Every structure is written in C-alpha cells, then in structure tokens.
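See structure below.
Values in this document were obtained by computation on a predicted structure and should not be read as measured data.
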There are 2 protein chains.
Amino acid sequence: MTIQDVAKAAGVSPMTVSHVINDHPHVRTETRERVLRAIEELDYRVNVAARNLRTGRTGTIGLAVPEIDRPYYGQLAAEIIKVAAGHHLRVAIEQTGASREGELAALALSRNRLYDGLILSTVGLGPADTDLLRVDHPVVILGERIFDGPVDHVAMPNSAGARAATRHLLERGCRRVALIDGPQRGEVDVSSLRYDGYREALDEAGLPFDPALVAPIEQLTMERGAAAARRLAGSGAGFDGVFCVTDTVALGALRGLADSGLRVPDDVKVIGFDNIAEGAYSVPSLSSIDPDHALMAGTAVGFLVKRMAEKGAARQAPREFVSPFSLVARESTG
Amino acid sequence: MTIQDVAKAAGVSPMTVSHVINDHPHVRTETRERVLRAIEELDYRVNVAARNLRTGRTGTIGLAVPEIDRPYYGQLAAEIIKVAAGHHLRVAIEQTGASREGELAALALSRNRLYDGLILSTVGLGPADTDLLRVDHPVVILGERIFDGPVDHVAMPNSAGARAATRHLLERGCRRVALIDGPQRGEVDVSSLRYDGYREALDEAGLPFDPALVAPIEQLTMERGAAAARRLAGSGAGFDGVFCVTDTVALGALRGLADSGLRVPDDVKVIGFDNIAEGAYSVPSLSSIDPDHALMAGTAVGFLVKRMAEKGAARQAPREFVSPFSLVARESTG
DNA sequence: GCCACGTCCTGTATCGTCACCACGCCAGCA
DNA sequence: TGCTGGCGTGGTGACGATACAGGACGTGGC
C-alpha cells in the first residue's frame with residue numbers, strides 16, 4: 001500500500017498523489033478528488049519513515065526531564081506537548097534520572113537525528129560540559145545549570161523568586177526562617193541560586209544567617225522534604241518559617257511538620273517555589289512563587305522552532321529568557 | 001556523513017560497517033576496530049530515519065493518556081518509560097485530553113507506522129468503537145472502557161478494589177458512606193465499575209443505598225473533588241465516610257472537607273483509589289487501594305512487545321490482565 | 001588433489017517518499 | 001502567427017540504511 005498503488009488506482013503519477021497529500025497547489029479539484037477517493041478506498045497511510053528520510057525531518061522533538069512523575073515536570077510536559085502540537089510537532093519524553101549520563105544519552109539521541117530538536121532540562125550537566133552542547137542541531141536548555149552556554153536557555157527567576165519568598169515570610173512576621181535546600185552541585189543550579197536569594201533577603205532585612213537553619217537534602221522529593229522538616233523540628237534550632245526549594249519539597253515539609261506536632265501557619269509558616277497544582281489543594285494550602293509556566297513552555301518551544309527553521313549558516317546568537325513570576329499567598333503563610 | 005563515508009574511510013564495504021554498528025558476528029576484531037576508529041574520527045551517527053525505512057520499525061512506542069500532568073498518569077508513564085527502555089524502546093507521549101477524538105488521533109498516528117506499537121489509555125472510546133481497534137498493528141488498551149475487544153487489555157481491579165475500599169470504611173465504623181464518582185459514560189468505564197464495587201459492599205453489609213450520598217463529578221481532578229466534598233457537606237445528607245473514585249479526587253476532597261470544617265478522620269473517613277505517591281504525604285495521609293503499578297506497566301509493555309514480534313499471520317488471541325491489589329490504610333481512615 | 005564447510009566480507013537491490021526540473025497546454029498579447 | 005507565462009502534471013533520482021545472495025579464502029578430511 002504505497003503512494004504508487006494510489007497513483008495507479010487514481011490514474012495519476014505518484015507525484016500528484018504526493019501533492020494532494022501535502023496540500024500543495026497546482027492540482028485540479030477534480031484530480032484531487034479522484035486521488036482522495038483512491039486513498040480512501042485503498043486505506044492508504046503515508047509511511048512516515050520514508051518521508052522522514054526524504055525530508056530530513058521527523059516531526060518529533062525530544063523532551064528530556066529528570067523524572068516525569070514529579071508534578072513539576074508533569075505539568076511542564078503537559079504544557080510543552082500542547083504548545084508543540086500547535087506547531088505540528090510530537091513530543092517524545094526521555095527520563096534522565098537527574099543524572100549527567102542520562103542527559104548525555106538524550107543529547108546523543110538527538111544527534112542521531114531521531115528528533116528535530118531537544119528540550120533538555122539540565123540537572124546533572126554543568127558549566128564544565130558546555131562543550132558537549134556545542135552541537136549543530138537545535139537544543140534548548142530548560143533549567144539553571146548552564147549560563148552563557150552555546151545554546152538557547154529558558155530559565156526560572158531563581159534568585160529573585162527565592163528572595164521574594166523569603167521576604168514574604170519576613171513580612172508575615174517570621175524572624176527565624178529556615179531553608180530546606182536541594183543538592184548544590186555547582187554555582188548555577190536551582191538549589192544554589194535559590195539559596196542565594198534566601199541569603200539576600202536575610203541580608204536585606206538585616207537578619208543574621210544561621211547555618212543551623214539550613215537543611216540540605218539530596219533529592220527534591222516529598223519524602224526528603226518531610227524528613228528535613230522533622231530534622232529541623234527535632235534539632236531544637238528554633239524556627240518560625242521555612243522556605244522550601246520546591247513545592248514538592250514543601251508539600252513533604254508540611255507533612256513532616258505535622259508529624260512533629262507543629263502547626264502551619266500558627267507555629268511555622270511555609271512557602272515553596274513552582275506553584276504546582278497540588279499546592280492549591282493541600283491542607284493547609286501552600287504559598288508559592290509562581291513562574292509563568294505556560295510562557296516558559298511556549299518560549300522554549302518557540303526557541304526550538306526558530307532554530308529548526310534556521311539554515312545551517314545563518315546561526316543566531318544564543319537567546320536567554322528568564323520567566324517573570326508572582327507570589328501566591330495561601331494558608332501556609334496566613 | 002553516511003555509512004558510505006565511513007566505509008570508504010575504513011576501506012571496507014558499507015555492509016561491514018552496518019555489521020559492526022549492529023553487533024553482528026563474522027567481523028574480524030581488527031576490521032571491527034578499524035571501522036570503529038573511522039566512525040569515531042568522522043563523528044558518524046546512524047541516520048535513524050533511513051534505518052526505520054529499511055527495517056520497517058521505528059524503535060518507538062506511543063503512550064496515549066488523557067493528561068500527563070495528572071499524578072496517576074505521570075507515575076504510569078514513568079514506569080512505562082523505564083520498562084520500555086529495557087526493551088530498547090523509546091516512548092512518545094500523546095495527550096488525548098480524555099476525548100474520543102484525541103484517542104482516535106493517537107490510533108491514527110500509530111497506523112501511520114510512526115510507532116511500532118501503541119499503549120492507549122482509553123476514556124473516550126467505548127464498546128461501540130470496538131471496530132476501530134481492529135487494526136493490524138500492535139495496540140494494548142490500558143483502562144476499562146473496552147472489554148472483549150479485539151486487542152490486548154491491561155485493567156485495574158476496579159470493582160473488587162472499590163468493594164474493598166468501601167468495606168474498609170464500613171469496618172472502621174462508618175455507616176453512611178458517600179461516593180464521589182466520576183463521569184459514567186458507559187457500562188465499563190472506571191467510574192461505573194468502581195460505583196458497582198461501592199454498591200456491592202453496601203449490599204454485602206446489608207446497608208441501604210442512598211442516592212443523596214453520591215456526588216458525581218465531570219472530571220477526575222482535585223478541583224472537582226474539593227467541590228464535590230463541599231457539596232456533600234452542605235447538602236445535609238449526613239455522612240461519616242467517603243470513597244473517592246481516584247486518589248486525585250480524594251486529595252481534593254480532603255481539601256473540601258477541611259473547607260467545610262469537617263475533620264478527617266474524626267468526623268469523616270476518606271479513602272481513594274490508585275495509591276499515588278502524593279497520598280502518603282498529605283495531611284492527613286490518604287488510605288487507598290494500591291494496584292500493582294509496576295506489574296501493570298510491565299505487563300502492558302510485555303504484551304506490546306510480544307505483539308510486535310508476531311509474524312503477520314500467526315496472530316494470538318487477545319490477552320487480558322487484571323492487576324492484583326492491596327489496601328493501604330493510612331491516617332484518613334484511622 | 002579435490003571437495004565441503006565456515007568465516008569474513010562485498011555488490012546490488014530495494015524500502016516509500018518528495019525535490020527538482022521538464023513539459024504540455026492554454027490564455028493573453030503584440 | 002508566434003511568444004510569453006502561469007498552471008497542472010509527470011519522470012527521474014536521490015535520501016541512507018539493510019536484506020539477501022554470494023564470493024574469496026582458509027582449513028581439514030579423504
């Protein structure tokens with residue numbers, strides 16, 4: 001069942017069938033209809049592989065994220081799939097497991113021309129890997145670990161957001177604000193940047209920084225968030241507010257504080273970062289920093305699409321986009 | 001940079017390069033190394049499109065789910081991607097938006113030989129669409145809307161699980177158990193089957209069924225779950241337990257009950273279905289029915305892989321698998 | 001010396017599509 | 001009448017890989 005068969009059945013040349021399929025002009029209405037009828041009758045389907053080979057494009061972009069079952073990435077993926085569909089692009093998802101190797105593997109697949117482009121959410125790759133990104137196919141970095149890299153970059157307002165979050169806790173009357181921070185693996189990862197924002201807000205308010213109020217965790221999961229909160233509560237450090245590096249961690253922290261018999265917001269106020277959907281429905285509901293997810297997804301796909309349209313030579317300079325954000329105050333800082 | 005260039009550089013035929021790439025035997029170690037060196041030097045990458053065309057396989061399976069940002073589907077996708085990777089398969093995700101059209105679109109893409117197979121989570125397609133599934137390429141249905149269809153099917157233990165959940169509430173002392181139920185669109189969708197289980201458990205316990213205790217919702221979201229719980233609380237129907245059709249709905253319901261000033265589990269006990277990760281960390285933590293997600297994902301991919309290996313003629317009869325389950329009791333039914 | 005067999009490698013023929021260019025036709029115009 | 005130019009259509013030839021058949025060579029048995 002090839003284009004040839006259709007051509008024969010319709011009494012035209014394969015090229016005419018191709019034109020009909022691809023909505024090219026220069027086909028008489030009558031001919032077009034005859035072709036469409038033949039396609040219908042034979043139940044013909046284009047062979048995407050053959051088309052890919054011929055055109056050099058696959059119509060699919062890759063999206064590499066640490067784990068698709070983390071709410072933030074799920075919500076990100078949903079947005080990106082939606083936006084990509086508007087550009088007639090499909091999205092294949094790779095899970096990198098938050099590891100450098102996983103991220104490199106995704107890059108390799110993209111290099112194999114399996115994808116027309118790649119949106120890579122970096123966690124493991126660092127500035128040292130900048131050269132690995134010097135590739136000749138479209139890549140957009142979504143995340144924070146690489147600045148001034150050779151590729152387009154869509155970033156969160158990490159420091160500014162963290163600063164606003166911490167400031168919000170201070171404005172609500174907190175004086176001893178703890179931080180549940182993620183793994184710091186360089187100078188420009190999420191955790192480090194949000195840590196910076198936290199420090200800045202303290203400085204701004206003229207409050208001292210107390211290392212005993214920082215609880216680092218190795219993974220940005222609810223489980224670790226809960227454990228960190230219990231650790232803080234048990235340490236006797238004394239705190240009346242917590243800024244959590246992500247909402248997922250914050251939801252875990254709410255649980256950990258409940259386990260420790262602390263009431264939110266009466267005893268301790270809590271704020272997160274990302275404004276994932278779940279935060280609006282937790283008990284108490286979670287205050288958070290809300291970057292513009294739709295805008296970020298749209299920008300990332302937009303960058304990629306522009307790159308894909310570029311003719312080899314006329315390469316633009318790498319673009320960078322930092323999302324605006326707002327603060328959503330809910331019960332946890334009430 | 002084609003296989004020909006590599007062949008020329010290594011002084012062998014393209015076929016020998018192909019053999020090396022694909023780990024075929026009958027290549028002398030020395031030759032193999034020469035080829036590998038040439039590949040390295042030229043930075044050669046196979047062109048996946050060409051390979052796909054020639055072999056007729058793409059190495060990618062499709063996973064069509066309503067929305068990837070719903071925790072259940074995120075966690076499902078994560079499992080499936082992991083299992084598929086073990087079979088050297090990539091996974092492309094389609095969002096069907098829980099609509100019939102979306103599901104048909106995913107089927108169409110699969111028909112275009114874009115995917116080697118498709119795992120389709122049906123919500124919109126019903127028994128009436130059985131014929132549309134009578135396709136000649138591998139499809140596995142994940143979900144409940146089509147029984148006795150012409151394709152493999154991996155299902156949840158819907159009725160049995162719902163019955164166990166309801167019975168659990170009764171055993172904990174509830175006498176007026178409400179149900180927050182999803183949209184019923186036929187006889188074999190998730191909502192209907194779980195509704196059946198709820199009714200069975202009531203009958204078993206000799207308790208009357210009270211329609212005033214059933215709160216139907218149109219979408220299985222936290223938002224709708226919260227609204228339904230508030231509706232129930234405000235209706236004056238009087239209830240001391242709620243079985244929610246999914247955990248996502250149950251998490252919303254916890255929120256709604258809190259809004260209505262009802263305490264869980266003291267005033268009302270709550271149980272969900274799916275055992276999503278978030279349920280372990282909510283306050284209070286959520287009791288749930290726990291199907292074996294990993295087993296379901298493994299089985300679905302396994303079915304698909306077997307189908308993909310089948311030679312056209314020797315088609316096996318459709319298989320069906322219903323996951324076992326266990327009940328996880330947490331604070332919400334404490 | 002001859003044949004059979006296994007190993008290692010090669011030549012050729014597609015896979016199904018679309019880009020490119022050519023061509024026939026007709027209207028409009030000088 | 002002959003020329004131009006746009007429209008509708010077709011012929012040819014890659015795109016880059018692999019399937020298949022088979023050849024060259026070396027080894028061992030008789």
Side-chain angles (χ1 to χ4, degrees), chain A residues 1-39 42-60 88 109 111-116 137 309 311-312, chain B residues 1-39 42-60 88 109 111-116 136-137 311-312:
Chain A
M1 198 55 42
T2 79
I3 203 172
Q4 329 277 346
D5 301 324
V6 176
K8 214 166 293 169
V12 297
S13 81
M15 274 322 296
T16 303
V17 179
S18 173
H19 286 146
V20 171
I21 293 170
N22 297 291
D23 270 333
H24 287 170
H26 304 321
V27 179
R28 230 182 323 166
T29 322
E30 183 212 312
T31 311
R32 179 186 311 278
E33 275 167 8
R34 197 144 34 89
V35 170
L36 288 175
R37 217 170 320 124
I39 288 177
L42 297 177
D43 194 34
Y44 161 80
R45 316 266 152 188
V46 300
N47 181 317
V48 184
R51 170 182 290 171
N52 290 351
L53 174 59
R54 190 62 247 242
T55 62
R57 326 176 82 259
T58 68
T60 300
H88 302 287
L109 285 178
R111 279 231 281 256
N112 284 2
R113 282 166 285 194
L114 181 61
Y115 305 136
D116 291 342
H137 60 101
K311 303 285 171 196
Chain B
M1 201 52 45
T2 77
I3 204 171
Q4 330 277 345
D5 300 325
V6 176
K8 214 167 291 171
V12 297
S13 81
M15 272 319 295
T16 303
V17 180
S18 173
H19 286 145
V20 170
I21 293 170
N22 296 292
D23 271 333
H24 287 170
H26 306 320
V27 179
R28 235 184 320 165
T29 323
E30 184 211 312
T31 312
R32 179 185 311 277
E33 275 166 9
R34 197 144 35 88
V35 170
L36 288 174
R37 217 170 320 123
I39 288 176
L42 297 177
D43 193 35
Y44 163 79
R45 315 267 153 187
V46 302
N47 181 318
V48 185
R51 171 182 290 170
N52 290 351
L53 175 59
R54 190 60 244 235
T55 62
R57 328 175 78 262
T58 67
T60 300
H88 302 287
L109 286 177
R111 279 232 280 256
N112 284 2
R113 281 167 285 193
L114 182 60
Y115 305 136
D116 292 342
D136 56 357
H137 61 102
K311 303 286 172 196

Expressed in angstrom and rounded to an integer, what is the separation of B/His24 atom NE2 from C/dC8 atom C1'? 15 Å
Among the nucleotides D/dG16, C/dC8, C/dT10, whichever has the atom closest to the side chain of B/His26 is C/dC8
How many Å lie between CZ on B/Arg45 and C1' on D/dA17, as a whole number? 17 Å
Side-chain atoms of B/Thr2 come closest, of D/dT18, C/dG16, D/dG16, to D/dG16
Are any side-chain N or O atoms of B/Thr55 and backbone N or O atoms of B/Arg51, one a donor and one an acceptor, separated by less than 3.5 Å? yes
On the nucleotide D/dT18, are OP1 or OP2 found under 4.0 Å from the side-chain N or O atoms that B/Asn22 carries? yes
Spacing between B/Arg28 atom CZ and D/dA24 atom P, to the nearest angstrom: 17 Å
Measure from the side chain of B/Ser18, starting at C-beta and using heavy atoms only, and say which of C/dC18, C/dC8, D/dT18 lies closest. D/dT18
Using a 4.5 Å cut-off on heavy atoms from C-beta on, say whether the side chain of B/Thr31 contacts that of B/His26. no
Nearest-Å distance, CD1 (A/Ile21) to P (D/dT9)? 15 Å
Any side-chain N or O of B/Ser13 less than 4.0 Å from the OP1 or OP2 oxygen of C/dG11? no
Whole angstroms only, please: what is the CG-P distance between B/Asn47 and D/dT18? 10 Å
Between B/Met15 and B/Leu53, which is nearer to the 5' end of DNA chain C once each is assigned its nearest nucleotide? B/Met15
Side chains of B/Ile21 and B/Ile39: closer than 4.5 Å at any heavy-atom pair? yes
If the cut-off is 4.0 Å, is A/Thr16 near the phosphate of D/dG10, judged by side-chain N/O to OP1 or OP2? yes
Rounded to whole Å, the CZ-P distance (A/Arg32 to D/dG10) equals 14 Å
B/Tyr44 side chain: which of C/dT17, D/dA17, C/dA19 is closest? D/dA17
Nearest-Å distance, CD (B/Gln4) to P (D/dT18)? 11 Å
Roughly how many Å is it from NE2 in B/His19 to C1' in D/dT18, rounded to a whole number? 8 Å
Regarding B/Val46, tell me which of base, sugar-phosphate or nothing describes its non-hydrogen contacts under 4.0 Å with the strands shown. sugar-phosphate
Taking only the side-chain nitrogens and oxygens of B/Arg51, find out if one of them lies under 4.0 Å from OP1 or OP2 of D/dT18. yes
Any side-chain heavy atom of A/Val20 sitting closer than 4.5 Å to one from A/Val17? no
Going by modelled atom types, is there a donor-acceptor pair between the base of C/dT14 and the side chain of B/Arg54 at under 3.5 Å? yes
Between D/dG8 and A/Thr31, is there an OP1 or OP2 to side-chain N/O distance shorter than 4.0 Å? no
Taking five pairs at each end of the helix from C/dG1-D/dC30 to C/dA30-D/dT1, what angle separates the two helix axes (nearest 10°)? 50°
Identify, with sequence neighbours excluded, every residue that meets side chain to side chain contact (heavy atoms under 4.5 Å, CB included) alongside A/His24. A/His19, A/Asn22
